Number of protein chains: 2
Amino acid sequence: MDIEALCAENGLRLTKPRRVILQVLAGMDDHPDAAELHRRVIEIDPGIALATVYRTLRLLEEKGILEKHRFGDGPARFESADHPHHDHLINIETGDVIEFRSDEIERLQEEIARRHGFSIVSHRLEIYVRPKK
Amino acid sequence: MDIEALCAENGLRLTKPRRVILQVLAGMDDHPDAAELHRRVIEIDPGIALATVYRTLRLLEEKGILEKHRFGDGPARFESADHPHHDHLINIETGDVIEFRSDEIERLQEEIARRHGFSIVSHRLEIYVRPKK
DNA sequence: TTGTATGCAAAATGTTTGCAGACTG
DNA sequence: CAGTCTGCAAACATTTTGCATACAA
């Protein structure tokens, strides 16, 4: 994620809070919620407000740079949209999230939408699982 | 949904609020949220509290009698789990929900979970769509 | 009669917003 | 310098909870 390019392209000011938040987002390989991201952010700059994290997350989601998920109840969780589309297995015993991708399933979804006269805007497939005994 | 049997089986008291809420749930063919259900409930008995609706919904979801969905942001929405499993197409222009089912997709999900060493507890597939021009 | 269920209001949770001041371009 | 961003606190939306009372079994 090239931070400066990203802001320039979208007519956004490259402020210090944004630099820090984008740095944290670039360095994440999990699916944290806003509070967890804020924790990581204030470790770098303790002055940054949770509201700013929310505002930035919203902005980035609108620009398609982040994906927002609602796994089960609780706060929304985020991941960067810079890697190709995939779906999620959620281990309900640990909360861990495993990414997977099935072209076959993607194809079937297209077909279903088409059959109903729609085109797909986005979709979400979550499989809640438990380790097999 | 046989209301009395349902309560008896689960060790629940058949109170007036529960009777009314279950009646409303039985007569629904859409995917309303708690506030909407409460509106329908107080049309029958104006004294029933929103908190009771929430408590009852939670109970029924835990018993597997209701399914709770989180389509996009906003409040959770419910549907009765008395008809066979299916997934949802959500028309983002109207908010309408269309149910569908694909055995092929179900099968592929099983396979994916198994390949990762898990068994499926539940899953959720939502396709957000727009009418094709 | 005993414990479960209810209504009400308050609390909890997650997120957004108004505002006055700070900072970027 | 103009207009965007920020921190803060308050507002908001949804859901849960504590408590005294009502009610089903």
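Residue numbers start from 1 in every chain, and the chains themselves are labelled A, B, ... in the order their sequence lines are given, proteins ahead of strands. Heavy-atom basis, side chains included; hydrogens, waters and symmetry copies ignored. Predicted model, so just to flag it, every value in this text is computed and none were measured.
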Quick one: [X] [atom1] to [N] [atom2], roughly how many Å, whole number?
| X | N | atom1 | atom2 | value |
| --- | --- | --- | --- | --- |
| A:Phe71 | C:dG14 | CZ | P | 16 Å |
| A:Leu66 | C:dT15 | CG | P | 14 Å |
| A:His69 | C:dT15 | NE2 | P | 14 Å |
| A:His38 | D:dC8 | NE2 | P | 9 Å |
| B:Leu14 | D:dA25 | CG | P | 6 Å |
| B:Arg19 | D:dA24 | CZ | P | 8 Å |
| B:Asp73 | C:dG14 | CG | C1' | 11 Å |
| A:Glu36 | C:dT15 | CD | P | 14 Å |

Its contact letters, B for base, S for sugar-phosphate only and - for none at protein heavy atoms under 4.0 Å, make nucleotides 2-7 of chain D read -BBSBB

Does some side-chain heavy atom of B:Asp30 sit less than 4.5 Å from a side-chain heavy atom of B:Val97?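 Heavy-atom side-chain distance check fails, nothing below 4.5 Å.
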
For C:dT16, take OP1 and OP2 only and decide whether either is under 4.0 Å from a side-chain N or O of A:Tyr54.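 Indeed not, no polar side-chain atom of A:Tyr54 lies that close.
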
Using only side-chain N and O atoms of A:Arg58, determine if any of them is under 4.0 Å from OP1 or OP2 of C:dT17.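 Yes, A:Arg58 has a side-chain N/O under 4.0 Å of OP1/OP2 on C:dT17.
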
Rounded to 10°, tell me the angle between the two end axes of the helix from C:dT1-D:dA25 to C:dG25-D:dC1, each built from five pairs.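 One end's axis against the other's: 30°.
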
Where do A:Glu67 and A:His31 land on the side-chain hydrogen bond (donor to acceptor under 3.5 Å, both in side chains) test, with the steps shown first? CA-CA 10 Å; A:Glu67 271 179 43; A:His31 302 73; over 6 Å; no

Verify, without hydrogens or angle tests, whether [X] (side chain) and [Y] (backbone) share a donor-acceptor contact under 3.5 angstrom.
| X | Y | value |
| --- | --- | --- |
| B:His123 | A:Leu89 | no |
| A:Arg114 | A:Ser119 | no |
| B:Arg101 | B:Asp87 | no |

For B:Ile92, check side-chain contact (heavy atoms from CB on, under 4.5 Å) against everything at least two apart and list the hits.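 For B:Ile92, the residues satisfying side-chain contact (heavy atoms from CB on, under 4.5 Å) (neighbours in sequence not counted) are A:Val121, B:Tyr128, B:Arg130.
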
With sugar-phosphate meaning primed atoms plus P, OP1 and OP2, does A:Ala35 contact a base, only sugar-phosphate, or nothing at under 4.0 Å between heavy atoms?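 Nothing: the residue A:Ala35, judged by heavy atoms under 4.0 Å, touches no strand.
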
Return the orientation label for the B:His69 and B:Phe71 ring planes: parallel under 30°, perpendicular over 60°, tilted otherwise.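 Parallel: the ring planes of B:His69 and B:Phe71 meet at under 30°.
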
How about B:Glu111 and B:His116: does a side-chain donor come under 3.5 Å of a side-chain acceptor?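 Their side chains do not contain a donor-acceptor pair, so the 3.5 Å distance test is not met.
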
For B:Glu106 and B:His86: C-alpha separation, side-chain torsions, deciding distance, then whether side-chain hydrogen bond (donor to acceptor under 3.5 Å, both in side chains) applies. CA-CA 9 Å; B:Glu106 300 291 319; B:His86 54 263; over 6 Å; no

